[in-house]
2 protein chains.
Amino acid sequence: MAQKRGAGRDGYHHGDLRQAMIDAAEAVLAERGVGGFTLRECARRAGVSAAAPAHHFGNLAGLLTAVATLGFDDLSDAMEAAAARASATGGSRLAAICRAYLETALARPGRFRVVFGRRELDKEDPEMQRAGARAFGILVAETRAHRAGLAAPPPGPLPSETATAPDFAEILLVWSVTHGFTTLLIDGQFDFLVGEDGTEALLELFSRRLVQLLVAALPPEPALAKRGHDG
Amino acid sequence: MAQKRGAGRDGYHHGDLRQAMIDAAEAVLAERGVGGFTLRECARRAGVSAAAPAHHFGNLAGLLTAVATLGFDDLSDAMEAAAARASATGGSRLAAICRAYLETALARPGRFRVVFGRRELDKEDPEMQRAGARAFGILVAETRAHRAGLAAPPPGPLPSETATAPDFAEILLVWSVTHGFTTLLIDGQFDFLVGEDGTEALLELFSRRLVQLLVAALPPEPALAKRGHDG
DNA sequence: AGGAACAACTTGACACTGTACAGATGAGGG
DNA sequence: CCCTCATCTGTACAGTGTCAAGTTGTTCCT
């Protein structure tokens with residue numbers, strides 16, 4: 001019974017290999033990065049043979065997909081928490097979620113790289129699709145609420161035809177700025193400008209200046225308040 | 001003698017293996033993508049043993065670095081050509097280089113992924129540093145010219161202390177938007193919104209709406225005309 | 001021209017990788 | 001109690017990047 005719940009290993013069966021593999025994957029990503037990521041190394045850390053994970057994840061892509069799902073949900077959690085905090089202190093929710101996006105990626109760059117395209121994932125996986133849609137939904141809702149001048153987005157499900165919405169461009173602009181800066185920073189493209197220890201300064205620059213320019217670039221559209229969600 | 005110049009293979013020595021390997025690398029990247037990229041496969045296509053490339057590139061990272069250098073220069077060439085075309089037709093040069101960035105990446109997504117971080121490169125390589133600085137320099141110059149209201153950036157070398165320049169944020173904003181949109185599109189993050197065949201529509205959306213919002217977000221600063229380059 | 005030095009390439013090996021398959025193991029349901 | 005079946009092991013295979021030692025051809029010096 002300690003077998004089914006604990007992380008330990010009593011005998012032949014592991015008990016909770018799926019979770020153990022995911023934990024190991026996170027650790028390997030943190031230590032070695034996505035380049036040094038290996039299925040066999042994860043299995044080794046979980047104290048299990050190289051072929052064991054196949055039953056739980058199918059193949060390498062399956063494990064990475066599970067990690068990516070976690071990554072999406074972490075992104076969502078961080079953005080929601082940041083938005084709530086901003087509401088409490090009277091700050092801009094939209095600016096808060098952009099900053100949270102960047103901070104989450106910086107906290108776990110390996111995982112972030114798994115989420116966004118580095119290696120092949122199983123894009124049909126319903127759990128990952130749900131997690132991805134959730135994160136994107138936050139972006140949509142907060143962008144709309146900002147433009148409508150609302151304090152917070154109204155509750156409710158996301159509209160399904162986002163791609164044809166009149167504010168599609170504004171939404172993608174917010175995502176592009178945030179994702180672009182994050183990616184460039186994570187991948188070290190700013191290193192030749194500020195050195196490797198300039199991350200803190202760049203984070204400040206992003207929060208104080210980039211996001212300000214972005215937020216100012218979004219034309220207000222009070223009509224969206226009516227549509228808001230579900231429109 | 002046909003040995004030193006041609007791509008053919010007469011005897012023991014190849015003659016121009018370095019270029020042959022780069023060509024093969026580009027082909028493999030185009031066919032199989034960065035995930036299916038392999039040093040041995042490139043060597044096979046160049047008609048050479050697996051260990052042969054080591055003498056020219058050191059290791060895999062060396063070959064990828066050479067490809068990345070090409071990618072940076074292609075980006076620069078495309079941006080310069082687009083800017084010149086925009087000047088001729090009276091369009092916005094800044095908008096043109098943003099679109100060129102996206103189009104270049106879409107034309108060769110595998111190479112673009114090599115340039116921006118997927119696998120480990122030799123970041124100390126002087127040729128790649130030069131190519132990267134050149135591409136970034138175009139971005140800096142065009143952003144400044146745009147804000148200064150100039151038709152084109154004045155000739156001259158780039159200022160060296162870009163990172164502390166007052167318009168650093170504006171420059172990074174342009175890069176972030178363009179790079180972010182490009183990365184998200186290339187990595188298929190928009191697929192769940194518009195399907196896989198919506199690329200053309202997204203390119204239009206980017207050029208007509210995203211870039212417009214971006215360009216409008218950049219506050220004009222005529223004072224930069226004095227500084228411009230070399231300031 | 002002859003030979004020596006040297007760069008370019010091959011061969012063979014090693015330690016890895018992901019994955020497939022057959023077999024061992026043990027938990028839980030009838 | 002035993003039987004089923006998910007889970008895990010062991011082994012194997014093709015393929016990877018890289019290294020060391022040996023071959024081959026060019027080039028340059030005398």
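In what follows, chains carry the letters A, B, and so on, assigned in the order in which the sequence lines appear, proteins first and then strands, with residues in each chain numbered from 1. The figures here come from the full heavy-atom set of this structure, side chains too, leaving out hydrogens, waters and symmetry mates.
- Taking atom CD on Glu41(B) and atom P on dG17(D), their separation rounds to 10 Å, with Å as the unit.
- Applying the side-chain contact (heavy atoms from CB on, under 4.5 Å) criterion to Glu124(B), with sequence neighbours excluded, gives Asp122(B), Gln129(B).
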Distance-only criterion, 3.5 Å: show the donor-acceptor pairs between side-chain atoms of residues 171-180 of chain B and protein atoms not counting sequence neighbours.
from	atom 1	to	atom 2	distance (Å)
Trp175(B)	NE1	Tyr101(B)	OH	3.2
Ser176(B)	OG	Leu172(B)	O	2.7
Thr178(B)	OG1	Val174(B)	O	3.0
His179(B)	ND1	Tyr101(B)	OH	2.9
His179(B)	NE2	Thr183(B)	OG1	3.3

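- Sorted by first and then second residue, the pairs that involve residues 169-184 of chain A and meet salt bridge (charged side-chain N to carboxylate O under 4.0 Å, His left out), not counting sequence neighbours, are Arg147(A)-Glu170(A), Glu170(A)-Arg209(B).
- In terms of the side-chain hydrogen bond (donor to acceptor under 3.5 Å, both in side chains) criterion, residue partners of Asp77(A) (sequence neighbours excluded) are, by chain and number, Arg134(A).
- One atom, CZ of Phe37(B), and another, P of dG17(D), lie 8 Å apart when rounded to the nearest Å.
- The distance between atom CE of Met21(A) and atom P of dC8(D), rounded to the nearest whole Å, is 11 Å.
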Pairwise N/O distances under 3.5 Å, protein to nucleotides 10-15 of chain D:
none

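- Atom CG of Leu63(B) and atom P of dT18(D) are 10 Å apart (whole Å).
- To the nearest angstrom, P of dT16(D) lies 9 Å from CZ of Arg32(B).
- Under the side-chain hydrogen bond (donor to acceptor under 3.5 Å, both in side chains) criterion, Thr199(A) pairs with no residue, sequence neighbours left out.
- Only Asn59(A), Leu60(A), listed by number, bring a heavy atom of residues 53-62 of chain A to less than 4.0 angstrom from any atom of DNA chain C.
- For the side chain to side chain donor-acceptor pair (under 3.5 Å) condition, the pairs that include at least one residue of residues 28-43 of chain B, sequence neighbours left out, are Glu31(B)-Arg45(B), Arg32(B)-Glu41(B), Glu41(B)-Arg44(B), Glu41(B)-Arg45(B).
- Using a 30° and 60° split on the angle between ring planes, Phe136(B) and Phe192(A) fall in the perpendicular class, above 60°.
- The distance from atom CG of Leu17(A) to atom P of dC8(D) is 5 Å, rounded to the nearest whole Å.
- Judged as a side-chain hydrogen bond (donor to acceptor under 3.5 Å, both in side chains), and not counting sequence neighbours, the contacts of Glu26(A) are Arg111(A).
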